[in-house]
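First comes the structure, then the notes that go with it.
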Amino acid sequence: MEQPLKICHLYPDILNLYGDRGNVLCLSRRLEWRHIPVEVDRVCVGEPLKAADYDLFFIGGGQDFDQEVLLPDLFSGKDKELKAAIEDGKTVLAICGGYQMLGQYYKTWDGKQIDFTGALNFYTEGVKKRMIGNYVFTFDDKPGVNIIGFENHSGKTYLQNGVRPMGKVLKGYGNNGEDGTEGVRYKNVYGTYSHGCLLPKNPTVADAILSAALERKTGHGTLPPLPDHFEKQAHDTMEKRLLG
Ligand code: GLN
């Protein structure tokens, strides 16, 4: 592949809780280890987003305050760019606060309504008691694979028509602690509450995301396997600890 896979890290200046940006490092390394060229651009508040330039978008998590602060910038055009990219089949990984931003709105636990992009059909409503902890959920794209994650949110997300969850919660809260769903899938969008080292601990998810982006860009999404010895150990240790 001559042209590099282009990753856009959106709002790295504001949305980066628990080292969410490590996911971008993980995606880049897994491409480099396979000698696939990659380029990462950071697009911060105040900088224009030309979504057509990118193959893959990453949006990290942020607190209610951070999500609110960037609204004027989001609605100065980035929302439309993002929506068009999603409909065009571009790949997106969005975590927690970034995931919520893809939905219709977020009503905070104290009643403030923040309208979001409405790129995907779901909404989020906050409750006072936060949902915190290590958790496990199935990855429905790859039956038999469980995802190990860490969640910390007050928002309860409710998926509506036209989107599906990323998986089913086996331990923990997930989208809302009520309906057993976790995350969202739509076209090549992956949204999840799982913070921090989601991809290093879950190489299957990392490769699913890279495959989707490469397939869309080149028509060839098959990736040669990597050894993933340490990654699997980290994953399996935590899975055993949580599921027994
Ligand atoms: N502010 C959101 C919530 O608490 C997102 C938090 C986060 O990204 N950890 O639901």
Checklist entry - Would F139 and N146 count as a side-chain contact (heavy atoms from CB on, under 4.5 Å) if you check the C-alpha gap in whole Å, the side-chain angles of each, and the deciding distance to 0.1 Å? => result CA-CA 6 Å; F139 184 31; N146 293 337; over 6 Å; no
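- Counted within 6.0 Å of NZ on K187, heavy atoms from surrounding residues, nucleotides or ligands total more than 12; the atom is thus considered enclosed.
- No donor-acceptor pair closer than 3.5 Å links the side chain of N152 to the backbone N or O of I132.
- Aromatic ring centroids of F150 and Y18 lie under 6.0 Å apart.
- Between the side chain of Q67 and the backbone N or O of G97, at least one donor-acceptor pair lies under 3.5 Å.
- A parallel orientation is assigned to the rings of Y193 and H153, their planes being inclined by less than 30° (bins at 30° and 60°).
- For the side chain to side chain donor-acceptor pair (under 3.5 Å) test with R216, the passing option among T91, N188, D55, D88 is D88; the others fail.
- At a threshold of 4.0 Å, the pair R34-D207 counts as salt-bridged, since one of the basic side-chain nitrogens sits closer than that to a carboxylate oxygen.
- If you chain together hydrophobic residues whose side chains sit under 4.5 Å apart, V69 and V43 fall into the same group.
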Item to check | Test side-chain contact (heavy atoms from CB on, under 4.5 Å) applied to K107 and I114, step by step | outcome: CA-CA 6 Å; K107 196 187 273 177; I114 305 173; over 6 Å; no
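- Checked options T124, N175, D179; the residue passing with T157 is T124 (criterion: side chain to side chain donor-acceptor pair (under 3.5 Å)).
- Taking 4.0 Å as the cut-off between side-chain N and carboxylate O, K78 and E81 do not count as a salt-bridged pair.
- Taking CG of N161 as the start and CZ of F122 as the end, the distance is 14.0 Å to the nearest 0.5 Å.
- To the nearest 0.5 Å, the span separating OH on Y99 from CG on L93 amounts to 12.0 Å.
- Electrostatic pairing of D228 and R30 counts as a salt bridge here, judged by a charged N lying under 4.0 Å from a carboxylate O.
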Checklist entry - Checking side-chain hydrogen bond (donor to acceptor under 3.5 Å, both in side chains) for the pair Y11/N16: CA distance, chi angles, key distance, verdict? => result CA-CA 8 Å; Y11 295 133; N16 178 36; over 6 Å; no
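- Ring geometry for F137 against Y135 counts as tilted: the plane angle lies between 30° and 60°, on a 0 to 90° scale.
- Under 4.0 Å is where a charged nitrogen must lie from a carboxylate oxygen, and between E178 and K156 at least one such pair does.
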Next on the checklist: Working note: T192 + I95, criterion side-chain contact (heavy atoms from CB on, under 4.5 Å); need CA distance, chi angles, decisive distance, verdict.
Outcome noted: CA-CA 5 Å; T192 174; I95 313 276; 4.0 Å; yes
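- Taking hydrophobic clusters as Ile, Leu, Val, Met, Phe, Trp and Tyr residues chained together by side-chain heavy-atom distances below 4.5 Å, I209 does not share a cluster with L25.
- In this structure, L120 CG and M101 CE are separated by 11.5 Å, a value rounded to the nearest 0.5 Å.
- In this structure, E87 contributes its side chain and A84 its backbone to no donor-acceptor pair below 3.5 Å.
- Between F116 and Y105, the gap from one ring centroid to the other reaches at least 6.0 Å.
- When all heavy atoms of I148 and S194 are compared, the pair lying nearest together is O-OG, 4.1 Å.
- Cluster membership for M131 and V136, using ILVMFWY side-chain heavy atoms within less than 4.5 angstrom, is not shared.
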Item to check | K6/D53 under salt bridge (Lys or Arg N to Asp or Glu O under 4.0 Å): CA gap, chis, key distance, verdict | outcome: CA-CA 7 Å; K6 291 203 68 180; D53 289 350; 5.6 Å; no
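- With hydrogens and angles ignored, the 3.5 Å screen pairs no side-chain donor or acceptor of N176 with any backbone N or O of Y158.
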Next on the checklist: Determine whether D140 and R164 satisfy the following criterion, salt bridge (Lys or Arg N to Asp or Glu O under 4.0 Å), listing intermediate values before the conclusion.
Outcome noted: CA-CA 10 Å; D140 288 355; R164 62 186 196 278; over 6 Å; no
Item to check | Test salt bridge (Lys or Arg N to Asp or Glu O under 4.0 Å) applied to R42 and E47, step by step | outcome: CA-CA 9 Å; R42 291 158 49 92; E47 295 174 347; over 6 Å; no
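- Judged by distance alone, with hydrogens and angles left aside, the side-chain atoms of D79 form no donor-acceptor pair with the main-chain N or O of T117 at under 3.5 Å.
- Rounding to the nearest 0.5 Å places CG of L27 at 9.0 Å from CG of L5.
- Between the side chain of K201 and the main chain of E231, no donor-acceptor pair closer than 3.5 Å is present.
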